[in-house]
Amino acid sequence: MKRPTAQAEIFEALLTPHIPALYKTAYRLTGSGDKAEDLVQELLVKLYPKTDEMQTIEALGPWLKKALYRLFVDELRKIARRPEGRLGGFQEEIETVKASSDNPEKMAEIAQIREKLQDALNILDPQHRSVVVMHLAEGYTLKEIAAIYNAPAETIKTQLRRAKARLKKYLKM
Amino acid sequence: MNCSDIRQRINDEIRHDKPLLTHDEAVVQHIRHCDLCRSLYTDAVLTRELREMPVPEPRADFAARAIQNAVKMNRMKRIKSLVGISAAAMLILAAGLVFTRGLPDFAGRPGLAPNAGLTAPGRMEKTVRVMIETRQSRQNATLAIDLTENVALKNFPGHRQLTWQTELTQGRNLLELPLVFDDDAEGYVNIRYRYNGNEQQVRIPVRAEKEHEPQTTITS
């Protein structure tokens with residue numbers, strides 16, 4: 001066991017370079033600066049006892065991202081278990097969203113899409129938003145996401161399809 | 001331009017980070033009328049825009065604060081955990097009053113030597129045994145005993161308090177206290193052990209109806 005001060009110094013040296021990227025991903029997942037900071041903070045609290053283990057990890061960045069995703073998923077599940085906090089992401093969507101705009105003549109310009117993208121992400125429930133962020137923005141495969149969620153890949157695929165359809169509809173793509 | 005060409009262009013432009021096809025009227029026309037190619041195209045646009053989406057900066061010094069908080073919160077958890085261990089140790093000590101029985105006598109018992117004495121009719125005798133366990137020998141450890149009014153040490157009638165210094169050897173040291181009390185009495189004996197500024201104490205209830213002699217252990 002290391003001296004507490006030494007552990008704190010090692011922890012700081014290991015984690016500080018990764019915090020901007022973790023915050024960025026957390027922001028995409030949560031859609032809010034405050035929630036992103038809270039999520040990263042909670043992650044760091046959980047990681048501190050693993051300082052020794054983290055020193056042995058070669059690719060710490062991806063390892064931390066996965067830890068962040070897992071924490072986010074755990075948080076979603078905790079909220080979903082509370083009767084007052086049930087989230088749409090864990091309910092079956094009855095609505096079928098069409099995969100593209102009804103009117104292709106009105107396809108939005110990319111500049112408009114860019115402008116509205118954060119709003120579009122925010123209309124998604126957290127589960128769908130996280131799948132979109134992990135797959136499209138961060139490049140995780142469906143299999144990897146399924147492993148993080150401990151869910152069948154088919155379920156993740158369905159969620160991704162629905163989420164993309166909702167985004168495109170909102171963005172008039 | 002067919003679907004295969006369009007898909008090739010989409011992949012190529014995504015890979016090379018080029019503007020996505022909007023500059024090419026033939027492509028735009030195809031996408032407008034082909035559901036599958038439009039879906040691939042919009043997927044590509046979404047992917048690129050999501051990857052490039054700007055994210056506002058966190059508050060100034062967030063990283064430093066987050067690290068400090070993580071360290072601080074973990075240290076607090078650790079302190080709470082140590083407090084928990086101390087509380088558990090106290091419970092074990094208390095449990096020892098009830099469950100530790102049948103310990104052998106210790107020849108080198110400190111201080112008090114139980115002598116034979118007279119017991120008045122209607123009075124009972126019981127011996128309380130306290131095991132003091134030390135990791136190393138202790139010179140000039142202080143032992144003190146407080147007794148309630150209706151309980152007396154057999155050899156020290158009338159004394160409610162006794163304090164003496166003794167030497168404890170490494171390991172277990174047995175203190176035997178022959179008590180005398182009335183048949184129907186209830187009281188207690190309070191035993192304090194002090195060494196080097198630290199004190200531990202244990203209070204042992206004494207009841208006439210007890211069948212077995214209570215024993216306990218102090219660890220130092």
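Just so it is clear: chains get the letters A, B, ... in the order the sequence lines come, proteins before strands, and each one is counted from 1.
Counting only heavy atoms from C-beta outward, the side chains of A:K168 and B:S39 approach each other to under 4.5 Å. By the 4.5 Å heavy-atom criterion applied to side chains, A:V132 and B:L46 are not counted as neighbours. Between B:N74 and A:Q7 there is no side-chain heavy-atom pair separated by less than 4.5 Å. At a threshold of 4.5 Å between non-hydrogen side-chain atoms, the residues A:L117 and B:L50 count as touching.
Counting heavy-atom pairs under 4.5 Å between each of B:P56, B:A63, B:A64 and chain A puts B:P56 at the top. Taking A:L44, A:V133, A:L15, A:L47 one by one and counting their heavy-atom pairs under 4.5 Å with chain B, the maximum is reached by A:L44. Interface remark: of the candidates A:K46, A:E37, A:H135, A:E37 forms the most heavy-atom pairs closer than 4.5 Å to chain B.
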Next item on the list: Show your reasoning for whether side-chain contact (heavy atoms from CB on, under 4.5 Å) applies to A:T16 and B:I67.
Entry: CA-CA 8 Å; A:T16 300; B:I67 295 272; 4.0 Å; yes
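Using a 4.0 Å cut-off between charged side-chain N and carboxylate O, B:R59 and A:D34 make a salt bridge.
Looking at A:L167, the atoms closer than 4.5 Å to chain B (heavy atoms on both sides) all sit in the side chain, from C-beta outward. Using a 4.5 Å cut-off between heavy atoms, B:E57 touches chain A through its backbone atoms (N, CA, C, O) alone. Contact of A:L136 with chain B is made through backbone and side chain together, with heavy-atom distances under 4.5 Å. Using a 4.5 Å cut-off between heavy atoms, A:L121 touches chain B through its side chain atoms alone. Proximity to chain B (any heavy atom under 4.5 Å) is shown, for A:E42, by neither the backbone nor the side chain.
To the nearest 0.5 Å, atoms CD (A:Q118) and CD (B:E49) are separated by 13.0 Å. Here the CG-CZ distance, from B:D43 to A:R161, works out to 12.0 Å after rounding to the nearest 0.5 Å.
Atom CD of B:E149 has 12 or fewer neighbouring heavy atoms from other residues, nucleotides or ligands inside a 6.0 Å radius. Atom CD of B:E199 has more than 12 heavy atoms from other residues, nucleotides or ligands within 6.0 Å.
Under the salt bridge (charged side-chain N to carboxylate O under 4.0 Å, His left out) criterion, A:E138 pairs with A:R28, A:K65, not counting sequence neighbours. In terms of the side-chain hydrogen bond (donor to acceptor under 3.5 Å, both in side chains) criterion, A:E58 has no residue partners (sequence neighbours excluded).
Nearest heavy-atom pair across B:R75 and A:A8 is NH2-CB, 3.8 Å.
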